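Report on one structure; see the data block that follows.
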Amino acid sequence: MKTILIPTDFTIESLNTLKEAIKLQSEKVNVVLVYFAGTPDSITEMLFFSKENYLSSFQSERFQEACQILLNTYASKVNSFRIELFSGFWQRVFTSFLEINEVDEVFIPKNYSMKLKNPRSFDPLPYFRKCALPKRSIPWDSNVNVPEKDRVAELFLQISHA
Amino acid sequence: MKIKTKIILLISIISLLFVVLYSGFIYYASANYSFEDFYKRLEIRAVTTAKIQLENGQDLNAIKEVKQEYLEILPEEKIYILPVPSEDSLQAEAIRLNIPISALIEIKEQKAASFRQQNIFYSGIRYTAGATDYIVIVSAENYYYTHHIAYLRNLLVSLLVFAVVLVIIISFWFSKKLIQPLQDITTKMEDISSENLQMRLPLSRNDDELSTLSNTFNGMLDRLEAAFESQKNFVSNASHELNTPLTSIIGEADVILSKSRTAQEYREAMVVILDAAEKLSKKTKALLFLAQTGYNGKVVKFDKVRIDQLIWDVKGTVDKIYPGNKVILDYSLLPENPENLQMLGNEQLLHLALSNVIMNACKYSNDDIVQVSLGASVSQIIIVVKDRGIGIPDTEIKYIYDPYFRASNTNAFEGYGIGLPLSRNVVKMHRGELLVTSVLNEGVTVEIRLPINN
């Protein structure tokens with residue numbers, strides 16, 4: 001079964017990549033979202049570090065809800081869904097990350113730039129562009145001035161050209 | 001009687017009953033104990049005196065010493081020693097010693113007796129020394145009884161008075177505290193009338209019976225408000241939606257009747273009138289359908305509702321009232337599992353709520369494109385209605401749920417500000433949420449979330 005990797009910044013707009021990527025699949029896939037952020041470096045934070053808690057601390061309820069809507073819509077196409085953390089700063093580490101997660105294809109937004117709200121997070125797109133795996137870019141019109149910005153409704157209303 | 005008085009009385013009576021019982025028991029037990037104790041002391045004195053007076057032996061001195069050393073003289077202590085009188089002289093002896101004759105007989109027969117005359121306590125024994133029997137009687141004033149018991153009695157009575165005051169104060173405070181939330185609810189309820197049905201009772205944080213009561217009242221108000229508003233909504237819709245076709249019928253008829261026309265002209269006019277009348281009939285039917293709020297029976301019935309089906313029905317209604325609308329249904333994010341689109345609700349009310357939202361979108365965008373999307377997360381069904389209309393000014397968006405409020409840029413549109421509050425109420429009745437976001441002159445996005453039935 002194919003595994004696809006999609007970068008996310010935990011905004012609802014970024015889920016467009018996911019939406020279009022699943023739409024393009026013809027058979028069941030494993031979906032991995034990846035968030036690029038360094039791990040904490042203070043001793044107490046490292047002591048009690050948990051990847052799940054760390055990742056969910058960045059996710060809003062709306063984001064999780066939007067994910068659920070997509071998974072409900074494409075229930076028969078998605079075999080598994082998980083969110084991973086990538087915190088290595090080198091391209092080499094990213095390559096082995098792809099190997100470990102057995103990724104077959106990556107999807108990236110074409111003209112959307114990631115919103116790096118968390119000071120530890122960094123832009124995943126350069127790493128994705130450099131990787132050797134097959135990649136597809138998903139274009140859509142990014143419009144900041146819409147009433148439904150950052151609402152779950154945004155997921156419904158984004159029009160894509162893919 | 002008021003509940004407050006009832007509580008005060010009940011608490012006071014119960015607590016006072018306890019206090020009286022306790023003090024009575026203490027008083028009785030102490031008095032009893034002081035009697036017993038004193039009789040024993042008198043008896044010891046009687047025995048020692050009899051030994052000293054009536055017997056002679058070596059250990060007498062020791063007893064005498066003990067008596068002097070340890071047995072203090074009681075107040076008014078008197079000792080009588082007499083040989084056991086015969087049956088005949090009993091009466092005379094009793095009078096001489098100023099004691100009841102029954103006591104003498106008891107001592108003679110039972111060998112010991114104790115009795116009292118007011119504060120003087122008597123204890124007598126029958127003592128055999130050698131061949132003769134004697135009666136030894138010791139009497140003394142019971143100082144403990146006369147003084148200590150009186151003190152105890154005063155103490156208990158004053159305590160009782162104190163307790164009465166305290167109990168009344170406490171029960172008063174207690175009943176006030178118990179009744180206070182009820183009174184608050186009553187005052188708040190008095191403020192709510194048909195004019196301000198949007199008011200609600202405040203909910204306390206703790207989950208007690210009173211907040212359940214407030215909740216129930218609020219639920220009732222929700223339903224009442226929705227019922228009231230749906231009627232007003234009908235009137236408001238009818239007044240301007242029915243007016244347009246009526247005006248065109250009247251105008252057409254007026255023009256055609258102003259002078260004589262050819263048969264062809266009459267026919268054309270009749271076609272126009274028929275068309276308008278048909279529209280009118282459709283609109284009236286649709287509006288009447290919306291006016292049935294599901295309250296026809298006395299209770300709101302909640303059944304399983306399929307939301308995707310409901311949206312199709314709503315579109316049908318909207319098509320009748322706004323024939324030129326451009327509503328696009330977008331089911332691209334429809335969940336694969338149809339159970340995720342089912343919820344418990346009243347179809348009529350939801351129909352009304354949704355059609356209001358969609359008709360508003362059509363109205364304020366002058367029949368521009370309105371996109372209606374549907375999707376479902378794990379626990380909620382989400383309906384998104386987006387228009388490209390005039391939008392709502394940022395400063396006014398917080399007032400849009402107030403009944404009769406109309407934004408400052410809506411002067412060109414007829415309306416009474418009833419539709420949206422009504423829709424929101426219906427959604428709230430279904431434990432859902434209605435969120436409105438807007439950018440002025442860009443459009444409005446309404447997000448309706450309803451809980452999935454599972």
Side-chain angles (χ1 to χ4, degrees), chain A residues 10-13 15-29 31 56 59-83 138 140-162, chain B residues 308 311 328-342 357 361 364-365 369-394 397 400 433-452 454:
Chain A
F10 295 135
T11 59
I12 289 169
E13 191 177 353
L15 282 177
N16 264 315
T17 329
L18 174 63
K19 182 165 118 183
E20 300 306 325
I22 305 177
K23 245 189 230 174
L24 290 170
Q25 302 306 317
S26 49
E27 52 197 275
K28 271 197 159 196
V29 284
V31 177
S56 60
Q59 298 171 39
S60 63
E61 263 176 50
R62 289 170 187 164
F63 177 82
Q64 289 173 340
E65 206 166 14
C67 286
Q68 288 169 6
I69 293 171
L70 284 178
L71 294 180
N72 267 340
T73 308
Y74 300 107
S76 60
K77 275 188 186 171
V78 179
N79 179 52
S80 74
F81 174 81
R82 64 179 200 274
I83 301 176
I138 310 287
W140 71 83
D141 292 335
S142 189
N143 191 352
V144 187
N145 197 21
V146 287
E148 66 273 7
K149 191 76 209 154
D150 287 334
R151 299 267 176 181
V152 179
E154 198 182 349
L155 182 71
F156 290 88
L157 301 172
Q158 199 60 250
I159 299 147
S160 115
H161 312 297
Chain B
D308 47 345
I311 292 179
I328 301 168
L329 298 189
D330 165 26
Y331 281 2
S332 65
L333 286 182
L334 212 58
E336 287 183 351
N337 183 355
E339 296 219 334
N340 282 343
L341 288 172
Q342 240 174 29
V357 171
Y364 292 111
S365 64
I369 291 171
V370 173
Q371 191 183 344
V372 181
S373 317
L374 176 64
S377 69
V378 171
S379 58
Q380 280 181 317
I381 300 169
I382 297 164
I383 306 163
V384 178
V385 179
K386 181 182 168 67
D387 67 51
R388 298 177 187 173
I390 55 170
I392 304 164
D394 276 348
I397 201 152
I400 54 169
E433 231 183 325
L434 190 146
L435 302 165
V436 177
T437 42
S438 169
V439 172
L440 194 59
N441 297 326
E442 288 282 326
V444 175
T445 305
V446 182
E447 193 179 319
I448 300 172
R449 301 157 156 270
L450 295 162
I452 293 177
N454 46 21

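Model, not experiment: these values are computed from the prediction. In the text below, chain A, chain B and the rest are named by the order of the sequence lines, each starting its count at 1.
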Distance in Å, A/I69 CD1 paired with A/R62 CZ, rounded so as to fall on 0.5 Å steps: 12.5 Å
Report which part of B/E447 has an atom under 4.5 Å of a heavy atom belonging to chain A: side chain, backbone, both, or neither. side chain
All side-chain contact (heavy atoms from CB on, under 4.5 Å) counterparts of B/S365, not counting sequence neighbours: B/D368, B/V370, B/D387
Does any heavy atom of chain A fall under 4.5 Å from the side chain of B/V439, the backbone, both, or neither of them? both
Return the set of residues passing side-chain contact (heavy atoms from CB on, under 4.5 Å) with B/I390 (not counting sequence neighbours), or none when no residue passes. B/Y364, B/N409, B/T410, B/F413
In residues 71-79 of chain A, which residues are in contact with chain B at a heavy-atom separation under 4.5 Å? A/N72, A/T73, A/Y74, A/A75, A/S76
Find out whether B/T445 and A/F156 are in side-chain contact, i.e. whether some heavy atom of one side chain is under 4.5 Å from a heavy atom of the other. no
Given a strict heavy-atom distance threshold of 4.5 Å, which part of B/I383 is in contact with chain A: side chain, backbone, both, or neither? neither
Quick check for you: to the nearest 0.5 Å, what is the distance between A/L70 atom CG and A/N16 atom CG? 8.5 Å
Counterpart residues, ring-ring contact (aromatic ring centres under 6.0 Å, His included), relative to A/F10 (two or more places apart): A/Y35, A/F63
Give a yes or no on whether the backbone of A/P147 and the side-chain of B/T437 come within a donor-acceptor separation of less than 3.5 Å. yes
Region of B/I382 that comes under 4.5 Å of a non-hydrogen atom in chain A: both
N/O donor-acceptor pair under 3.5 Å between B/Q342 side chain and B/P338 backbone: no
Segment of A/K19 engaging chain B (4.5 angstrom heavy-atom cut-off): side chain
Among the options B/G375, B/S377, B/S373, B/P335, pick out the one with the most heavy-atom pairs lying under 4.5 Å from chain A. B/S377
Just by modelled atom types, is the A/Q64 backbone N or O under 3.5 Å from a matching donor or acceptor in the A/Q59 side chain? no
